[in-house]
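Throughout, protein chains are lettered first and strands after them, A, B, ... in sequence-line order, and every chain is numbered starting at 1. Because only heavy atoms are used, hydrogens play no part in the values below, and waters and symmetry mates are left out as well, while side chains stay in.
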Amino acid sequence: MYDPSELINPKSKITGQSPFLKETSHWYFPLGKYQERLEKYVIESDEKYKWKENVLQYCRGWFKDGLKDRAVTRDLDWGIKVPIDNATGKVLYVWFEAVLGYISATKELFKSKGDLEGWRDYWQDLSTRYIAFIGKDNVVFHTIIFPSMLMAWNDGNADKYLLPENVPANEFLNFEGKKFSKSRGWGIDVGEFLDLFPADSLRYTLASNLPENKDTDFYWKEFQAKNNSELADILGNFVNRTFIFAHKHFEGEVPERNELIQIDTEMIANIKSYPEKIAKLIENYKIRDAVFEMMNLARAGNKYFNDSEPWVSIKSNKEQCSTTINICLQTIYTLAEVFAPVIPFSSEKIFGMLNVSPGMWNDISESTLNSGHKLGKSEILFIKIEDEVMDAQINKLGKVEEAETYDVPLISYEDFSKIDLRTAKILSAENIKKSDKLLKLRVKTAGGQRQIIAGIAKHYKPEELIGKNVIIVANLKPAKLMGNESQGMVLAVEDSDGKLNVVQVSDASKPGTNVR
RNA sequence: GGCGGGGUAGCUCAGUCGGUUAGAGCAGUGGAAUCAUAAUCCACGUGUCGGGGGUUCGAAUCCCUCCCCCGCUACCA
């Protein structure tokens, strides 16, 4: 990487001008003044709330180098103008302004609701837990810069702002092995995505593969697999088989829970332990593990259903069958509760199918549903995504990428020099009988006149070409096209409409001039 | 260049302040069952833990070195 001042003879790619140094002045934030307090803040927050190791490392690195005062203004003609008199042409540095934008946005939100003070609950109420979920590139702005700004304000004002309790930064999410890039068409727009697939399927896929420890990728195939073999096959099918069974054999009601045998008590223990386990993981920002455990509860449900064999006991021991279905339904209630943060729409559907309203997480118990409670209508929760649908998305990507990639074999200068390119003046042009593509041209070039057959009849009328100065490949081996010998080739390029345009040169070049 | 993170099974990822035969899900192979969206359940992993060197009774884990990927490093948010 070069410093701009080290470049030799630099030029702007756009204007061709050379950059020059100029003097300017800026407003600075005295970050150095806050180092001690910031270090204390980070250490204490970590002790209290257990910060992530990578986040701590970032901070330690900055502290070790020593915090330097930072310019918080820039000379740009766009951005947030510095709101003081002698600051014309100055805008706020993005990270000095963006973090404040979080507060402004909250204020705006409440203002639009007609509540001018509501924003304070989020930024100033001591019971608020301020947690910054961000990507790895933003760590220092949320652990050092913004907290120092808030400290500065808090020092001089009565209304004090909260500092983040934790900044559980994630790494980056990539797309099909490469970085997202709007300009290169690599990725998919969320809105577009949601037109095609359910939000919950996306939410589940993202949550179960969150880049908590390192960069991860979104793959269409993985999305399909997660939707089909986890959401549909494991969770969806467990819910579906239970509901169908209850409607078919128990009149759509929650059946009695009778005498418990070992697998019953084991499953009941799961209903109690999973929410606790999942809650703990979420509180420690281990979302992936939490999501995995959510699905494990559905797995346990399937296993319980399988091992209990209600399709056998319905005939031989209806009381036991009744117990099995009761416990399966309680499990489904629990699944709806624990899955709610990840797949809220499906969760709501399940509550509807159970004909109950969602409760509080801490109230989840093994007997939330009373026997005799009437169940709602059951429906399929997740539709599987077919291969063809997925392939269509993948193919779409390939096309964009192909068009953008320039990957052709290199040739040596020697190879290039073998090609004899010459200017040529078109003296005459005429259509060739029985051909709708070819034109017969007479051109003047090096070595006198010659005949060239060009495949441009669909793009030019003969008379349009006469007198044009073009470029030809002069040493191409002669070939016969539709019975006419062609002694060379005219260069042409296709425009965005698919029309061919012959490459032209100015009249100043004598016909036969070498093109280099 | 400096700082930080990462490189572990076909794929996506856990595990890393040294310690029993390195794990999970998916995919794959075989079997069981048939209530269910042909869904479910059970069984099956000889992986150069990026390469090389070192410390140690013992290294994916600590140290050195090299390679590759990502982020930050005063004007993209």
Side-chain angles (χ1 to χ4, degrees), chain A residues 1-4 24 26 28-29 31 52-65 68-76 78-79 90-99 101 134-141 145 169-172 174 177-179 205 208-219 221-226 228-249 286 288-289 291-293 295-296 298-315 321 324-325 328 378-384:
Chain A
M1 191 95 94
Y2 290 98
D3 185 273
T24 183
H26 282 298
Y28 278 72
F29 182 82
L31 188 59
K52 281 174 78 167
E53 197 53 37
N54 58 337
V55 173
L56 290 169
Q57 287 293 5
Y58 267 108
C59 298
R60 286 176 194 141
W62 274 56
F63 292 142
K64 214 178 103 195
D65 282 353
K68 291 166 196 82
D69 296 349
R70 275 173 90 92
V72 296
T73 55
R74 299 286 185 268
D75 296 312
L76 291 170
W78 53 274
K90 303 288 178 193
V91 298
L92 285 173
Y93 169 50
V94 58
W95 271 114
F96 201 74
E97 160 267 301
V99 286
I134 55 165
K136 61 180 168 186
D137 54 338
N138 289 351
V139 170
V140 296
F141 302 107
I145 310 285
N170 286 314
E171 305 286 315
F172 282 170
N174 294 318
K178 279 177 256 177
K179 276 198 258 193
T205 304
S208 62
N209 194 25
L210 217 58
E212 287 172 351
N213 297 306
K214 61 176 168 188
D215 293 1
T216 60
D217 286 276
F218 177 94
Y219 289 99
K221 280 286 175 196
E222 197 195 350
F223 168 70
Q224 183 193 19
K226 291 267 181 197
N228 292 3
S229 52
E230 295 184 29
L231 288 174
D233 292 351
I234 297 171
L235 175 61
N237 185 47
F238 174 60
V239 171
N240 187 242
R241 71 200 294 205
T242 302
F243 266 89
I244 287 193
F245 206 96
H247 278 290
K248 203 193 265 178
H249 299 290
K286 295 186 182 260
R288 293 160 47 109
D289 289 347
V291 172
F292 181 60
E293 292 300 343
M295 196 52 81
N296 275 347
R299 287 190 173 97
N302 274 318
K303 181 170 169 51
Y304 171 70
F305 196 111
N306 248 61
D307 295 350
S308 299
E309 299 186 311
W311 59 90
V312 174
S313 62
I314 187 66
K315 293 176 190 142
C321 180
T324 302
I325 298 306
C328 284
S378 82
E379 58 176 313
I380 296 291
L381 285 173
F382 300 98
I383 310 291
K384 294 209 199 189

Worksheet item: Between B/rU40 atom P and A/Lys384 atom NZ, what is the distance in whole Å?
Response: 7 Å
Discussion item. Please report the distance, rounded to the nearest Å, between CG in A/Asn174 and P in B/rG71.
Written reply: 8 Å
Discussion item. Just the rounded figure in Å: distance from P of B/rC70 to NZ of A/Lys214.
Written reply: 15 Å
Fill in: Who pairs with B/rG23 - Watson-Crick or G-U, where each distance is under 3.5 Å
B/rC13
Discussion item. Once you apply a heavy-atom cut-off of 4.0 Å, does A/Phe238 come out as touching a base, just sugar-phosphate, or nothing?
Written reply: nothing
Item to complete: Kindly determine whether A/Lys214 and A/Glu171 satisfy salt bridge (Lys or Arg N to Asp or Glu O under 4.0 Å), including the steps that lead there.
Response: CA-CA 5 Å; A/Lys214 61 176 168 188; A/Glu171 305 286 315; over 6 Å; no
Worksheet item: How far does CG of A/Asn228 sit from CD1 of A/Ile383, to the nearest 0.5 angstrom?
Response: 10.5 Å
Worksheet item: Is the shortest side-chain N/O distance from A/Asn213 to OP1 or OP2 of B/rA14 below 4.0 Å?
Response: yes
Practice prompt. Please report, rounded to the nearest Å, how far the P atom of B/rU37 is from the CG atom of A/Asn228.
Written response: 16 Å
Fill in: A/Lys248 side chain near B/rA36 phosphate (N/O to OP1/OP2, under 4.0 Å)
yes
Worksheet item: Taking atom P of B/rA36 as reference, at what distance in whole Å does atom NE2 of A/His247 sit?
Response: 14 Å
Discussion item. Within the 4.5 Å heavy-atom criterion, are A/Asp75 and A/Lys90 side-chain neighbours or not?
Written reply: yes
Worksheet entry | Residue A/Asn209, side-chain heavy atoms: nucleotide from B/rU12, B/rA77, B/rC35 that is nearest | B/rU12
Item to complete: Kindly point out which of B/rU8, B/rG25, B/rA77 is positioned nearest to the side chain of A/Asn138?
Response: B/rA77
Fill in: A/Trp311 over B/rC35, stacked by centroid distance under 5.5 Å, angle under 30°
yes
Fill in: Main-chain N/O of A/Phe172 paired to A/Asp215 side chain as donor or acceptor, under 3.5 Å
yes
Discussion item. Using the side-chain heavy atoms of A/Trp95, tell me which of these nucleotides is nearest: B/rA77, B/rU37, B/rC42.
Written reply: B/rA77
Worksheet item: Looking only at atom C1', what distance separates B/rA24 and B/rG19, rounded to whole Å?
Response: 22 Å
Worksheet item: Could you state the CG-P distance from A/Leu56 to B/rC17, rounded to the nearest angstrom?
Response: 15 Å
